[in-house]
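Heads up, the thing below is written out as structure tokens.
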Amino acid sequence: MKKPKNFQEGIHTADFWDFYKEKLIQDSVIADFSREKISLNGDWKYGIDQYDTCLRNRWWSEHEYDGGGRALPLDYSFDEWESVEIPCCWNLQSEKLFLYEGGMVYTRKFTTPPISPLEEGGVNERVFIKFGGVSGRAAVFVNKAFMGLHEGSSTPFCVEVTDVLQPENRILVAVNNTRRADGVPMDNTDWFNYGGIYRDVELIRLPEVFIKAFHAGFKAGNIFARVSVDGAESGTAVLRIRELGIEAEFDIKNGVSVPASPELWDVDNPKLYDVEIEFGGDKISDKIGFREISVQGREILLNGRSIFLRGISAHEESVKNGKAVTEEEIRENYALAKEMNCNFMRLAHYPHSEAAARIADEVGILLWEEIPVYWAIEFHNPETYDNAENQLTELITRDINRASVVVWSVGNENPDTDSRFEFMGRLADKAREIDGTRPITAACLVDHGTLRIADRLIEKLDIIGINEYYGWYDPDFSKPPKVFENSSPEKPVIISEFGADCKAGFTQKRGTRDDMFSEEFQLDVYKKQIETLSAIEYIKGISPWIFYDFRCPRRLHYMQDYYNIKGLLSADKKYKKKAFYAMQKFYEKKEKDAL
């Protein structure tokens, strides 16, 4: 359609997002554990941009003069805006931002040494900026140049800035956390919608040809490695594990497999090795645990030994920091889980911090990692699928070398429709294509019509995840025994959720509806669940919902006060509810029985 002569781009363009979506950032994750990085954390300026005017009017171009050199009026003043310390969630920076959803613009200046040849012959370095996590859509600009748009609040992404860097630079990030029906997750979830640049921002300098990603693991008596190189499709790489006396050359097209007898990583012995990969002028290293995880019939095997996953589900959240959790908070979570005799944690319902998996490797906790294909995703929408697949790819690429990660989950609590089966089936296939060494799962729902475990997606899964809330949302506890009696799955089952709301410290009053929120009521539900689940041979893991109470705008009962209070701990993790001790005792018995 021809535009009228008085059409003005900034105010008349309704589909302004289309311009930015043409440059989606996908498959951009770079292995960077051992690389030298320059932190871009710290003091950033920010402006609340409720109408996305920065994107509509292209403030990022800093168009301050007309063609005749006359000054234009500006609706922004980047360097005079308020300051905030990145990383953080904006919701916790001021009361006016607590429930804010929409656009926010962040900017800062930074200096960088000039890009110069790394060696004689003119082999130049390349420079990238890595974002660990930005909630939600993030459009990135450097020195008035649009670098790309990233979709997905919980996975990392990188943008190459080699060609635009100057001695002094401005980076600008337009963030929008508006919930969208076509998003991943969709606009209806059961957790708080934090916004902001809430993980680290770092500048990475690399050689012109560099190792983008690699996967090293252990299988059938061999340590294997494969590598992806940016800037080369062939050539010889070197794998080194000095502690094992391994130094092996291999063609990057084929990878390598070397007979070895490493000390295998386990929850009781989280042994890590320094693994180096070298190609051309680039070298990277990582700390990697070698172990095997597999499914055989109804058994889950860790290093060939049947294991029961004594778990708990957890959100990435803290009272003080929201999603911008610190390393100390992650370590606290794992210490409390181990106090409850857990060996397993389900990181729900989206990818948690990269630090979560690295610390789990170190302390010995098995992890279920998941992407937010949650509830009623637009399974018919190709753009929604592309978003989900990219988040899955970014997650697996980031954490593929983490021994602690033993299962990838492609979603949670979806209706069993044709479009959903195709959508999630493709995701399961994609996960196996990227990483064929781990089982695939999803958190499915019980078929309430037939009272059995039945979902077409099961044929695409290695482990069946089941969420069931008998005793709470369905108070009829005569049903669970029927469900498990009616079911005879050929694969192992993890009860990925069960639970009941409980206000920390609230004691039963007898005969009132409020009793449902008491510690005694929650404890009774847990005791019944434990008794029932203990008798089912094919259940090989449990991760109750949830570890600690967390913010949720859906929860308006006065007992809840905008929190999901199904936690076994209070939101600040200082109070252990009675059901915590029930799970602690149950898991202690399961651990002793396995010896």
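What you see is a predicted model, and the numbers here were worked out from it, not measured in a lab.
- Residues Asp230 and Val209 are not in side-chain contact: their nearest non-hydrogen atoms beyond the backbone lie 4.5 Å or more apart.
- The line from CD of Glu389 to CG of Asp27 is 9.5 Å long, rounded to the nearest 0.5 Å.
- In this structure, Arg179 contributes its side chain and Met186 its backbone to no donor-acceptor pair below 3.5 Å.
- Side-chain atoms of Glu394 and His150 form a donor-acceptor pair, as typed in the model, at a separation below 3.5 Å.
- Ser543 places no side-chain N or O within donor-acceptor distance of the main-chain N or O of Ile312, the cut-off being under 3.5 Å.
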For side chain to side chain donor-acceptor pair (under 3.5 Å), just list the numbers for Asp200 and Asn41, CA-CA rounded to whole Å, side-chain angles, deciding distance to a tenth of an Å, and then say yes or no. CA-CA 6 Å; Asp200 293 335; Asn41 290 345; 2.9 Å; yes
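- At distances below 3.5 Å, at least one donor-acceptor pair connects side-chain atoms of Gln522 with backbone N or O atoms of Ala500.
- In this structure the side chain of Trp17 reaches within 4.5 angstrom of the side chain of Leu55, judged on heavy atoms.
- In this structure, Arg56 and Thr13 have side chains that are not in contact, with every pair of non-hydrogen atoms separated by 4.5 Å or more.
- Using a 4.5 Å heavy-atom cutoff, the side chains of Lys130 and Pro156 are in contact.
- Lys430 has its side chain within reach of Thr393: a pair of non-hydrogen atoms, C-beta onward, lies under 4.5 Å apart.
- Remark: Tyr51 OH is loosely packed, at most 12 non-hydrogen atoms of other residues, nucleotides or ligands lying under 6.0 Å away.
- Remark: the Asn387 side chain and the Gln391 side chain contain an N/O donor-acceptor pair separated by less than 3.5 Å.
- Remark: Arg205 does not engage Glu36 in a salt bridge, criterion side-chain N to carboxylate O under 4.0 Å.
- Judged purely by distance below 3.5 Å, without hydrogens or angles, the side chains of Ser285 and Asp274 never pair a donor atom with an acceptor atom.
- Between the side chain of Asn401 and the main chain of Phe214, a donor-acceptor pair closer than 3.5 Å is present.
- The pair Arg126-Glu208 does not count as a salt bridge, with every side-chain nitrogen at least 4.0 angstrom from each carboxylate oxygen.
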Inset, instruction - Start with the C-alpha distance between Lys45 and Ser83, add both sets of side-chain angles, then the distance that settles side chain to side chain donor-acceptor pair (under 3.5 Å), and finish with yes or no. - result: CA-CA 4 Å; Lys45 301 294 184 179; Ser83 295; 3.0 Å; yes
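- Lys144 and Ser61 are not linked by any side-chain donor-acceptor pair at a separation below 3.5 angstrom, with hydrogens and angles left out of the test.
- We find that Glu370 and Arg346 are joined by a salt bridge, their nearest charged nitrogen and carboxylate oxygen being less than 4.0 Å apart.
- A salt bridge links Asp32 to Lys37: at least one charged side-chain nitrogen sits closer than 4.0 Å to a carboxylate oxygen.
- Although no hydrogens or angles enter the test, the distance criterion places a donor-acceptor pair under 3.5 Å between the side chain of Asp49 and the main chain of Thr53.
- Electrostatic pairing of Lys573 and Glu332 counts as a salt bridge here, judged by a charged N lying under 4.0 Å from a carboxylate O.
- The pair Glu354-Arg199 does not meet the salt-bridge criterion, since no charged nitrogen lies less than 4.0 angstrom from a carboxylate oxygen.
- In this structure a side-chain-to-backbone donor-acceptor pair under 3.5 Å is missing from Trp408 to Thr441.
- For the pair Arg551 (side chain) and Val319 (backbone), a donor-acceptor distance under 3.5 Å is present.
- With ring centers used as reference points, Phe98 lies under 6.0 Å from Phe192.
- Side-chain polar atoms of Asn177 and Glu101 form no donor-acceptor pair below 3.5 angstrom.
- Between Arg170 and Glu62 there is a salt bridge, with a side-chain nitrogen of the basic residue lying less than 4.0 Å from a carboxylate oxygen of the acidic one.
- In summary, the side chains of Asp549 and Asn564 do not present any donor paired with an acceptor at a separation below 3.5 Å, with no hydrogens or angles considered.
- Ion pairing of Arg555 with Asp190 is present here, as a side-chain N (NZ or NE/NH1/NH2) and a carboxylate O approach within less than 4.0 Å.
- Counting non-hydrogen atoms of other residues, nucleotides and ligands closer than 6.0 Å to NZ of Lys21 gives a total above 12.
- The pair Lys109-Asp79 counts as a salt bridge, with a side-chain nitrogen and a carboxylate oxygen less than 4.0 angstrom apart.
- For the pair Ala355 and Ile330, the tightest heavy-atom approach, listed with the atom from each and the gap, is CB-CD1, 3.9 Å.
- Salt bridge annotation for Asp286-Arg402: present, with a cationic side-chain nitrogen under 4.0 angstrom from a carboxylate oxygen.
- Side-chain contact check for Trp90 versus Tyr106: some heavy-atom pair is nearer than 4.5 Å.
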